[in-house]
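Everything below concerns the one structure shown next.
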Amino acid sequence: MPQEMISQEGHCPFRGHRTWYRVTGDLRAGPPPLVVVHGGPGCTHDYVDAYRAIAETGRAVVHYDQLGNGRSTHLPDAGADFWTVELFLEELDTLLDHLGLRDRYCLLGQSWGGMLAAEHAVLQPEGLQGLVIANSPSSFPTWVEEALRLRRELPGGVHEALLAHEATADFSHPDYLAATEVFYRAHVCRADPWPAEVVATFDAIEADPTVYHTMNGPTEFHVIGTLKDWTIEDRLHRVKAPTLVLTGRFDEATPRAAEAYAQKIPGAQWVILGGSSHMPHVEEPALCMRSVSSFLDEVAA
């Protein structure tokens, strides 16, 4: 990272708590800044850290840890009724106001972050200049259907091992964990070895799984949390911002799970990265960054 790209960190007050953020580049110079929304729910910014390379194009990049995660305030005793889509939409709005970005910004959401970014975009915020929905499903029921299909296609009795231990809710059994890793290596991150920032995010979830277990479930493919019935497909026509949809060929958010974004958002562009699963930003970083930066330069120069 060039010297002029040195990052600045801070905390944004939110509902009596603190949201950690980091700015790479100059928010007041250049094109509309890019705000990166991480996945989960319950991950951290670490695994999408690669997107700060966009700052090398002259566009400032903002990362943040959503409430309950990473360097933001943790609330392990908060109940399921606290962790809602509305909470995280309000947090995003609060951060935009805190940084003075409400009138001009772009948004990139990865996985759950893309779902949240779409929820933000359907409200038609005037300052949103460009939207990137990366590796995200438009419906959790479809996500689960596709996850079950991908599981059944894995070799060596992986699906059967997963079913056996899910039936007894024994998610910490060594056989279940081993089968989970096979799925993750095929459809979450195919980079070998996993980059340190990806490992850091998974370590953070293990250290405090409050948000992830509450809203998603114990694994990427066993969704039993509060978001299990979530869908945005009937509202996507309301999105006005220019939109890019990114999907990996081997993505757990399969093309079928993501296609409604491309079909129902007016004028949306869709790029499928042929060598990636769920994390093209670390699996095919050069192509991924080029796709995102070219799109943003086109719609929000």
Side-chain angles (χ1 to χ4, degrees), residues 32 34-41 48 51 84-90 92-93 96 105-150 187 215-216 220-221 223 225-274 276-281 288 291-300:
L34 176 66
V35 179
V36 179
V37 188
H38 68 69
V48 286
Y51 279 113
T84 63
V85 172
E86 290 72 27
L87 170 79
F88 292 110
L89 284 174
E90 182 185 342
L92 175 57
D93 285 341
L96 292 172
Y105 63 98
C106 299
L107 204 57
L108 184 152
Q110 200 279 337
S111 195
W112 144 255
M115 297 157 59
L116 186 62
E119 289 276 7
H120 179 83
V122 300
L123 300 176
Q124 302 177 351
E126 292 186 4
L128 180 59
Q129 306 294 301
L131 173 67
V132 181
I133 298 175
N135 317 105
S136 304
S138 57
S139 161
F140 249 147
T142 302
W143 163 283
V144 171
E145 289 176 7
E146 288 294 276
L148 291 175
R149 178 180 65 81
L150 294 175
H187 298 297
M215 298 184 73
N216 183 85
E220 290 290 277
F221 45 74
V223 179
T226 57
L227 283 179
K228 65 182 184 300
D229 298 320
W230 176 90
T231 183
I232 198 171
E233 291 181 353
D234 59 344
R235 293 174 285 146
L236 290 175
H237 64 280
R238 302 177 190 170
V239 176
K240 290 185 174 181
T243 301
L244 172 67
V245 181
L246 289 181
T247 305
R249 177 186 173 192
F250 306 101
D251 206 327
E252 61 176 344
T254 66
R256 176 175 174 246
E259 65 183 353
Y261 289 122
Q263 294 177 350
K264 297 187 176 185
I265 295 176
Q269 303 177 34
W270 193 7
V271 173
I272 297 178
L273 293 94
S276 296
S277 59
H278 198 52
M279 298 187 185
H281 50 278
C288 181
S291 299
V292 172
S293 59
S294 296
F295 168 76
L296 293 177
D297 287 345
E298 175 187 341
V299 303

Measure the shortest side-chain to side-chain distance between Pro41 and Asn216 over non-hydrogen atoms and say whether it is less than 4.5 angstrom. yes
Is the backbone of Asp234 close enough, under 3.5 Å, to the side chain of Arg238 for a donor and an acceptor to pair up by distance? no
Check for me whether the distance between the ring centres of His187 and Phe250 falls short of 6.0 Å. no
When rounded to the nearest 0.5 angstrom, what distance separates CG in Leu128 from CG in Leu123? 10.5 Å
Short question: side chain of Trp270, backbone of Ala258 - any donor-acceptor pair under 3.5 Å? no
Should the heavy atoms of other residues, nucleotides or ligands under 6.0 Å from CZ of Arg249 be counted, would the total exceed 12? no
Does any part of the side chain of Asp229, heavy atoms only, come nearer than 4.5 Å to the side chain of Phe140, both counted from C-beta? no
Considering only heavy atoms from C-beta outward, does the side chain of His120 approach that of Leu92 to under 4.5 Å? yes
Got a salt bridge between Lys264 and Glu259, using NZ or NE/NH1/NH2 to carboxylate O under 4.0 Å? no
Would Leu227 and Trp112 count as a side chain to side chain contact (heavy atoms under 4.5 Å, CB included) if you check the C-alpha gap in whole Å, the side-chain angles of each, and the deciding distance to 0.1 Å? CA-CA 10 Å; Leu227 283 179; Trp112 144 255; 3.7 Å; yes
Would you call Arg149 and Glu146 a salt bridge, taking side-chain N to carboxylate O under 4.0 Å as the test? yes
Has the side chain of Thr254 got a donor or acceptor atom that lies under 3.5 Å from a matching backbone atom of Ala257? yes
Check the pair Ser139 / Trp230 against side-chain hydrogen bond (donor to acceptor under 3.5 Å, both in side chains), numbers first and verdict last. CA-CA 6 Å; Ser139 161; Trp230 176 90; over 6 Å; no
Ser136 (side chain) donor-acceptor with Ala134 (main chain) under 3.5 angstrom: yes
May I ask you to check whether His278 and Asp251 show a side-chain donor-acceptor distance below 3.5 Å? yes
Is any side-chain heavy atom of Ile272 less than 4.5 Å from a side-chain heavy atom of Pro255? yes
For residues Thr142 and Arg256, determine if any side-chain heavy atom of one lies less than 4.5 Å from a side-chain heavy atom of the other. yes
Go through it in stages, so that I can follow the logic: the residues are Ile232 and Glu119, the test is side chain to side chain contact (heavy atoms under 4.5 Å, CB included), and I'd like the CA-CA distance, side-chain angles, deciding distance and then a yes or no. CA-CA 7 Å; Ile232 198 171; Glu119 289 276 7; 4.0 Å; yes
Could you please spell out the steps behind the side chain to side chain contact (heavy atoms under 4.5 Å, CB included) verdict for Leu108 and Val35? CA-CA 6 Å; Leu108 184 152; Val35 179; over 6 Å; no
Using a 4.5 Å cut-off on heavy atoms from C-beta on, say whether the side chain of Leu34 contacts that of Leu107. no
Under a 4.5 Å cut-off applied to non-hydrogen side-chain atoms, are Cys288 and Leu273 in contact? yes
Residues Phe221, Val144; criterion side chain to side chain contact (heavy atoms under 4.5 Å, CB included); working and verdict: CA-CA 6 Å; Phe221 45 74; Val144 171; over 6 Å; no
Kindly indicate whether the side chain of Leu246, heavy atoms from C-beta on, has any atom under 4.5 Å from the side chain of Val132. yes
Is the ring pair His281/Tyr51 parallel, tilted or perpendicular, if the boundaries are 30 and 60 degrees? tilted
